[in-house]
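Read the structure below first, then the notes.
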Amino acid sequence: MSALSFPISGVDLSGLESTHNLVRMTPTGLAPLSYSLILPKGWVTEEDLGQQNDGIGQLVRIGLFADRVGPDATVAQVYVSQIPFEIGVRDWLEDKAAEFGTELVYCQNLQFACGPVVDAGGLYGPGANQQVVRLVAHADAARIFLVSVMTPLFRYNEERNNVAIATNSFKLLKPSGSPQLEQWLDSGGGKPAFHVAYPASWKSRPLDKSVPGKSAVDILLARENELAGYLRVKATDPVAVGEATTHEALKLATEELQEGGVALTAAWREDHSPGVQRIEGPVSAYLTNGRLGDKPVELRFGLFPRGGLVFALSSISVQKVENPVLWMRSKRAYEIALETARPG
């Protein structure tokens, strides 16, 4: 399984004209979903895509292609999902792969023809019938597009380049140009002044208590009058209050969580998630589990200097096993804050 490779194709059509076609598709009555991809000559396009459920978060198939009929076929499928709230595309793809029963052995954030993508590959199915699957997910204006190409394991060596070309060449014909799934708003604190972005479906409120050299804002997600996600962003001026060590900052964050009714059920551990690793500059990031009343929760903490201030982020979310979508929304709000918190 570890021997599988998923090459990146440059997708230069001029060098593929004798073997491949540029296929343009416009789903019936859905011009904004028009797309193109490059497939080997001789592949068949399936016109009947079956009954579709186009509710929020549902995968809607908008393309089905194959090189032959039967269980040994190499099959490419294109889907779209309407998602009008911010989540991490990588978290979403990994969740969909698990839902499909695909064990991923490769996953990374890349730049393809369509823009930023999450590219992943793995195995699906039992022993003799195993299939190699390559998945590419791309966000565009409250939609996530997913390209999936599957081929039997015994055919993968001969089909590897075709699989790479099909997934790497996907492009929207009418892209919005924005990878955001919802609008971002701006919030911040007073003294020291700072700004931070957050998804529009969340609410922001300044922290009531005032401490010299420190300012903070709480960002909350409510669902049916219940708190579904919580994020505190705190800015500190080290010139005014002195510098705290990571240990001291983590201890203070723990005490503040406990004051809010959260009890830790495990020790803090380093957070090496891709969303944290992509942040420019030094970031000390941790996560652990806890309980808020009788509910298990996941806790995150991030500490980083930026522009002369030191920012500390504390996040409370449901655990992934309880509600994957709410967990993804909280994690993404935390990542956006990591990316955007700045003096000003």
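Nothing fancy with the numbering, it's 1 onward along the sequence.
- Proximity of Pro7 to Asn161: side-chain heavy atoms (C-beta onward) are separated by under 4.5 Å at one or more points.
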Kindly indicate, with the supporting measurements, whether the criterion side-chain hydrogen bond (donor to acceptor under 3.5 Å, both in side chains) is fulfilled by Thr74 and Thr151. CA-CA 4 Å; Thr74 298; Thr151 192; 2.7 Å; yes

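- A donor-acceptor distance shorter than 3.5 angstrom exists from the side chain of Tyr35 to the backbone of Ile62, with no hydrogens or angles considered.
- By the neighbour-count criterion of 12 heavy atoms within 6.0 Å, atom CD of Gln277 is densely surrounded, having more than that number from other residues, nucleotides or ligands.
- Although no hydrogens or angles enter the test, the distance criterion places no donor-acceptor pair under 3.5 Å between the side chain of Ser148 and the main chain of Gln77.
- In this structure, Arg332 does not pair ionically with Asp91, as no charged nitrogen and carboxylate oxygen lie closer than 4.0 Å.
- Annotation: cation-pi geometry satisfied between Arg329 and Phe85 (NZ/CZ under 6.0 angstrom from ring centroid, within 45° of ring axis).
- With respect to Lys320 and Asp95, no salt bridge is recorded, no charged nitrogen being found less than 4.0 Å from a carboxylate O.
- Within the 4.5 Å cutoff, the side chain of Arg155 has heavy atoms near those of the Asp67 side chain.
- Judged by distance alone, the side chains of Ser5 and Arg160 do bring a donor and an acceptor atom under 3.5 Å apart.
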Phe65 vs Leu37, side-chain contact (heavy atoms from CB on, under 4.5 Å): CA-CA, chis, key distance, verdict: CA-CA 11 Å; Phe65 316 90; Leu37 72 170; 4.2 Å; yes

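- Counting heavy-atom neighbours within 6.0 Å of Phe100 CZ, excluding the residue itself, gives a total above 12.
- For Arg300 and Glu298, the salt-bridge test passes: some basic side-chain N is under 4.0 Å from an acidic carboxylate O.
- Other residues, nucleotides and ligands contribute only 12 or fewer heavy atoms inside 6.0 Å of the CZ atom of Arg205.
- Between Val78 and Leu146, every side-chain heavy-atom pair lies at or beyond the 4.5 Å cut-off.
- Listed for the Tyr334 side chain is a donor-acceptor partner under 3.5 Å among the backbone atoms of Gly302.
- Ring pair Phe170/Phe145 is tilted by interplanar angle, where 30° to 60° counts as tilted.
- Within a 6.0 Å radius of CD in Glu158, other residues, nucleotides and ligands contribute more than 12 heavy atoms.
- Side-chain contact, Thr26 with Ser34: a donor N or O sits under 3.5 Å from an acceptor N or O.
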Would you check, one step at a time, whether the test side-chain contact (heavy atoms from CB on, under 4.5 Å) holds for Phe301 with Leu257? CA-CA 11 Å; Phe301 176 76; Leu257 288 167; over 6 Å; no

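- No hydrogens or angles considered: a donor-acceptor pair under 3.5 Å links the side chains of Ser176 and Asp140.
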Go through it in stages, so that I can follow the logic: the residues are Glu226 and Lys295, the test is salt bridge (charged side-chain N to carboxylate O under 4.0 Å, His left out), and I'd like the CA-CA distance, side-chain angles, deciding distance and then a yes or no. CA-CA 13 Å; Glu226 289 189 4; Lys295 293 184 177 180; 3.5 Å; yes

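- Between Glu256 and Lys234 there is a salt bridge, since a side-chain N of the basic residue sits under 4.0 Å from a carboxylate O of the acidic one.
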Residue pair Tyr198, Asp186: steps toward the side-chain hydrogen bond (donor to acceptor under 3.5 Å, both in side chains) verdict: CA-CA 6 Å; Tyr198 65 96; Asp186 182 80; over 6 Å; no

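- Atom CZ of Arg24 is surrounded by 12 or fewer heavy atoms from other residues, nucleotides or ligands within 6.0 Å.
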Evaluate the criterion side-chain contact (heavy atoms from CB on, under 4.5 Å) for residue pair His20 and Ile165; output intermediate values, then yes/no. CA-CA 9 Å; His20 291 69; Ile165 291 167; 3.8 Å; yes

Please lay out, stage by stage, how Lys203 and Asp218 fare under the test salt bridge (charged side-chain N to carboxylate O under 4.0 Å, His left out). CA-CA 8 Å; Lys203 303 297 182 185; Asp218 286 342; over 6 Å; no

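- Hydrophobic clustering places Val133 together with Leu93 (ILVMFWY residues linked when any side-chain heavy atoms are closer than 4.5 Å, directly or through intermediates).
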Ile336/Trp184 under side-chain contact (heavy atoms from CB on, under 4.5 Å): CA gap, chis, key distance, verdict: CA-CA 9 Å; Ile336 290 171; Trp184 292 5; 3.6 Å; yes

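- Residues Ile83 and Ile56 form no side-chain contact, since every pair of their non-hydrogen atoms from C-beta on lies 4.5 Å or further apart.
- The neighbour count for Lys191 NZ, taken as heavy atoms of other residues, nucleotides or ligands under 6.0 Å away, does not exceed 12.
- Checked by atom type and distance alone, the side chain of Ser315 never pairs as donor or acceptor with a backbone atom of Leu231 at under 3.5 Å.
- With hydrogens and angles disregarded, a donor-acceptor distance shorter than 3.5 Å links the side chain of Glu182 to the backbone of Ser201.
- By the 6.0 Å contact criterion, CD on Glu255 is enclosed, its count of non-hydrogen atoms from other residues, nucleotides or ligands being greater than 12.
- For NZ of Lys171, the number of neighbouring non-hydrogen atoms (other residues, nucleotides, ligands) closer than 6.0 Å is 12 at most.
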